[in-house]
Engineer: 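Let me begin by handing over the structure; questions about it come next.
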Amino acid sequence: MALLLLPEPYDFAVSTERYRAFGPDLANLWHEGGLHRAIGGREVRIETAPGGVDVSPLDAEIEPVVLHYLGGPFDLGAFSAFAETDPPLARLVHRLRGLRPPLNPTPFETLVTSITAQQVSLQSAFAVRNRLIERFGERAEHAWAFPTEERIARASEDELAALGFSRRKAEYVVGLARAGIDWVELATLPDDEVKARLVAIRGLGEWTADWFLARHLGRPRAWPAGDLGLWRALAEHYLEGIRPTIPETRAFGARFAPFENLSAHYLLASLYTVA
DNA sequence: TACCAGGTAAAAA
DNA sequence: TTTTTACATGGT
């Protein structure tokens, strides 16, 4: 076990609430007060510690992955200063003090997770996703490694449909696994080009592409204007209960530039994090 | 029971 | 070109 420092303030429990709020997540598993995840086939446990987190095991392979996983790239200091100029956002930053949004470590997992969450409630999305993980993933100790692209490429649409995927979503997921995307090259492209590449793939719309920028690549300007949860949060904190349309939400994002991604995360977290 | 839930593609108009 | 529909599960 070794200490991994994160810039203060950092609140591990608040930051990881989204892995618990909608039911258990087998790939990001909360167990005995710590977060467990398979990294390179090994189970890694992360728990809160003064000044950061305790990580076990921790070595040169795991450290950069965990740092990214815990949202290390986000510039929270600059964001907090920016938020002070916007009263509703300032309230959220104070209420959710120490929230550093986690980032999803792997691109294929990020996109498949988004596909499972398209249109349905997050509770049901987690249920279907957990069945996919148990069927095609590898269990480490407690947590499971998410199914690999190679394994899903060999699966059939019927097998996915049997797990609760719609016919359409089963096609999306298997097709994505078989597409042979160059993830390393994709990550080098600017936001607009990443979106254009992703949206060209069947089953990946603008909402899914925006969340990929936000939750995998951690791009500061990502703003998922098609997200129902974001509409609800904007309605609650800015629009007197009226849910905005997609164009209205997209336009509203300018208010948070250049911190759209962190703003979206704080807005969404306000919906499910208890004070 | 019917309806809503962190969308998307394809059919119909 | 724009609008409408099908989709599968889980909670209420």
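Chain identifiers are assigned alphabetically (A, B, ...) following the order of the sequence lines, protein sequences preceding nucleic acid strands; residue numbering begins at 1 within each chain.
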Engineer: Could you state the CD-P distance from A:Glu171 to C:dA6, rounded to the nearest angstrom?
Structural biologist: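 Value for this atom pair: 17 Å.
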Engineer: Heavy atom of residues 15-28 of chain A under 4.0 Å from DNA chain B: which residues?
Structural biologist: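 By residue number: A:Arg18, A:Phe22.
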Engineer: DNA chain B: stems of at least 3 consecutive Watson-Crick or G-U pairs, cut-off 3.5 Å?
Structural biologist: B:2-5 with C:9-12, B:7-13 with C:1-7
Engineer: When Ile, Leu, Val, Met, Phe, Trp and Tyr are grouped by side-chain heavy atoms lying under 4.5 Å apart, directly or through other members, which residues fall in the same group as A:Leu3?
Structural biologist: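 Noted: A:Leu3 shares its cluster with A:Leu5.
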Engineer: What residue pairs, at least two apart or across chains, pass salt bridge (charged side-chain N to carboxylate O under 4.0 Å, His left out) with a residue in residues 119-128 of chain A?
Structural biologist: none
Engineer: Could you state the atom-to-atom distance from CG of A:Leu198 to C1' of B:dA9 in whole Å?
Structural biologist: 17 Å
Engineer: Tell me which of A:Ser166 and A:Gln123 sits closer to the 5' end of DNA chain C, going by the nucleotide each one is nearest to.
Structural biologist: A:Ser166
Engineer: By nearest heavy atom, map A:Pro224 and A:Val199 onto DNA chain B; which one lands nearer the 5' end?
Structural biologist: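 Closer to the 5' end of DNA chain B: A:Pro224.
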Engineer: Is there a residue in residues 102-121 of chain A whose heavy atoms reach under 4.0 Å of DNA chain C, and which residues are they?
Structural biologist: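 Within residues 102-121 of chain A, the residues near DNA chain C are A:Gln119, A:Val120.
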Engineer: Would you tell me if any nitrogen or oxygen in the side chain of A:Arg243 comes within less than 4.0 Å of OP1 or OP2 on B:dA5?
Structural biologist: yes
Engineer: Name the residue closer to the 5' end of DNA chain B, choosing between A:Asp227 and A:Tyr172 according to the nucleotide with the nearest heavy atom.
Structural biologist: A:Asp227
Engineer: Provide the full list of side-chain hydrogen bond (donor to acceptor under 3.5 Å, both in side chains) pairs with a residue in residues 4-15 of chain A, sequence neighbours left out, each pair given once.
Structural biologist: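 For residues 4-15 of chain A, and leaving out neighbouring residues, there are no side-chain hydrogen bond (donor to acceptor under 3.5 Å, both in side chains) pairs at all.
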Engineer: Which pairs with one or both residues in residues 197-220 of chain A pass salt bridge (charged side-chain N to carboxylate O under 4.0 Å, His left out), sequence neighbours excluded?
Structural biologist: A:Glu171-A:Arg202, A:Glu185-A:Arg197, A:Asp191-A:Arg219, A:Lys195-A:Glu206, A:Lys195-A:Asp210, A:Glu206-A:Arg250
Engineer: Pull out every residue in residues 210-221 of chain A that has a heavy atom closer than 4.0 Å to any atom of DNA chain B, ordered by number, or say none.
Structural biologist: A:Trp211, A:Arg215
Engineer: Looking only at atom P, what distance separates C:dA6 and B:dA2, rounded to whole Å?
Structural biologist: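 One P to the other, the span is 16 Å.
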Engineer: Base, sugar-phosphate, or nothing for A:Ile246, non-hydrogen atoms under 4.0 angstrom?
Structural biologist: nothing
Engineer: In whole Å, measure the gap between the C1' atoms of C:dT3 and B:dA5 for me.
Structural biologist: 22 Å
Engineer: Classify the ring geometry of A:His68 against A:His216: parallel below 30°, tilted from 30° to 60°, perpendicular beyond 60°.
Structural biologist: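 It falls in the perpendicular class, over 60°.
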Engineer: Name all residues meeting the salt bridge (charged side-chain N to carboxylate O under 4.0 Å, His left out) criterion together with A:Asp75; count only those two or more places apart in sequence or in a different chain, and write none if there are none.
Structural biologist: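 For A:Asp75 there are no salt bridge (charged side-chain N to carboxylate O under 4.0 Å, His left out) partners, ignoring immediate neighbours.
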Engineer: If you look at every strand shown and take non-hydrogen atoms under 4.0 Å, does A:Leu230 touch a base, only sugar-phosphate, or nothing?
Structural biologist: nothing
Engineer: Do A:Tyr69 and A:Asn104 come within less than 4.5 Å of each other through their side chains, counting heavy atoms only?
Structural biologist: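 With C-beta onward as the side chain, the pair stays apart.
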Engineer: Determine all donor-acceptor pairs shorter than 3.5 Å in which one atom belongs to a side chain in residues 132-145 of chain A; sequence neighbours excluded.
Structural biologist:
from, atom 1, to, atom 2, distance (Å)
A:Arg135, NH2, A:Glu159, OE2, 3.0
A:Arg139, NE, A:Glu141, O, 3.3

Engineer: Could you list all N or O pairs between the protein and nucleotides 10-12 of chain B that sit under 3.5 Å apart?
Structural biologist:
from, atom 1, to, atom 2, distance (Å)
B:dA10, OP1, A:Arg202, NH1, 2.7

Engineer: Over 60° means perpendicular and under 30° means parallel, so tell me whether A:Tyr266 and A:Phe79 are parallel, tilted or perpendicular.
Structural biologist: tilted
Engineer: Quick check: closest heavy atoms across A:Arg131 and A:Leu163, and the distance to 0.1 Å?
Structural biologist: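 That would be NE-O, 2.8 Å.
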Engineer: Keeping A:Asn130 on the side-chain end and A:Pro24 on the backbone end, is there a donor-acceptor pair under 3.5 Å?
Structural biologist: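 Yes, A:Asn130 side chain to A:Pro24 backbone: donor-acceptor pair under 3.5 Å.
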Engineer: Is A:Arg129 paired with A:Asp25 through a side-chain N to carboxylate O contact shorter than 4.0 Å?
Structural biologist: yes
Engineer: Any idea how A:Trp211 and A:Trp207 line up, ring-wise: parallel (<30°), tilted (30 to 60°), or perpendicular (>60°)?
Structural biologist: perpendicular
Engineer: With sequence neighbours left out, what residues match A:Tyr238 under ring-ring contact (aromatic ring centres under 6.0 Å, His included)?
Structural biologist: A:Phe252, A:Phe256
Engineer: May I ask whether A:Leu29 and A:Val66 are part of the same hydrophobic cluster, defined by side-chain heavy atoms of I, L, V, M, F, W, Y residues being less than 4.5 angstrom apart, directly or through others?
Structural biologist: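 Cluster IDs for A:Leu29 and A:Val66 differ.
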Engineer: Specify the separation, in whole Å, of atom CH2 of A:Trp231 and atom P of B:dA5.
Structural biologist: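 Answer to the nearest Å: 10 Å.
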Engineer: To the nearest angstrom, how far is A:Phe165 atom CZ from B:dG7 atom P?
Structural biologist: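 About 16 Å, once rounded to whole Å.
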